[in-house]
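Structure first, commentary second.
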Amino acid sequence: MATYVFRHKVGDIDTWLKGHDDRVRLFAPASNGFRTFQDADDPNSIVIVIDTDDIEKLGAIINDPKIQHIKDQHTVLEPITMSVEVKL
């Protein structure tokens, strides 16, 4: 299991927060759950921390053109930056 961090901005945080259940359903095939954070100095900048065994599947879900309408509905703004945990 590896931990990944996804960061991006949203157009409207209240709209984005209302889409939480959609994200739970979307990420479920590739994740055991995720945690959501909001930047302290920018309410429209969010971070999602996801533990997954299949980053390829998760990446395919996130980049699937078929879910663009959900990103648009949730006011997700590109780019989406991904970081991976560094094991020390």
Euclidean distance, F6 CZ relative to F27 CZ, rounded to 0.5 Å = 7.5 Å

query = So do the side chains of L26 and I67 get within less than 4.5 Å of each other, counting heavy atoms only?
reply = yes

ask   = Considering only heavy atoms from C-beta outward, does the side chain of S31 approach that of D51 to under 4.5 Å?
value = no

task = Check for a donor-acceptor pair, side chain of D64 on one end and backbone N or O of A60 on the other, with a separation under 3.5 Å.
result = no

ask   = Within a strict 4.5 Å, meaning less than it, do heavy atoms of the T52 and Y4 side chains meet?
value = yes

key: Option passing side-chain contact (heavy atoms from CB on, under 4.5 Å) with V47 (candidates T36, V5, T81)   = V5

message = Any heavy-atom pair between the side chains of L77 and V10 that's under 4.5 Å?
response = no

task = Please tell me if the side chains of P43 and Q38 come closer than 4.5 Å, counting only heavy atoms from C-beta onward.
result = yes

Heavy-atom pair with the smallest gap, counting every atom of W16 and R23 = O-NH2, 2.7 Å

ask   = Excluding sequence neighbours, so at least two apart, what forms salt bridge (charged side-chain N to carboxylate O under 4.0 Å, His left out) with D12?
value = none

query = Taking NZ, NE, NH1 and NH2 as the nitrogens, is one of them in E78 or K9 under 4.0 Å from a carboxylate oxygen of the other?
reply = no

query = In chain order, what residues pass the salt bridge (charged side-chain N to carboxylate O under 4.0 Å, His left out) check against D22, with sequence neighbours excluded?
reply = R25

ask   = So F34 and H20, would you call those rings parallel, tilted or perpendicular, with 30° and 60° as cut-offs?
value = tilted

request  = Report yes or no: do V84 and M1 belong to one cluster of Ile/Leu/Val/Met/Phe/Trp/Tyr joined by side chain heavy-atom distances under 4.5 Å?
outcome  = no

message = Measuring from atom CD1 of I46 to atom CG of L17, what distance do you get when rounded to the nearest 0.5 angstrom?
response = 9.0 Å

note = In this structure, CD1 of I55 is separated from CD1 of I50 (nearest 0.5 Å) by 7.5 Å

query = Can you list the residues that meet the salt bridge (charged side-chain N to carboxylate O under 4.0 Å, His left out) rule with D39, with sequence neighbours excluded?
reply = R7

ask   = Side-chain contact, heavy-atom cut-off 4.5 Å: T15 with H74?
value = no

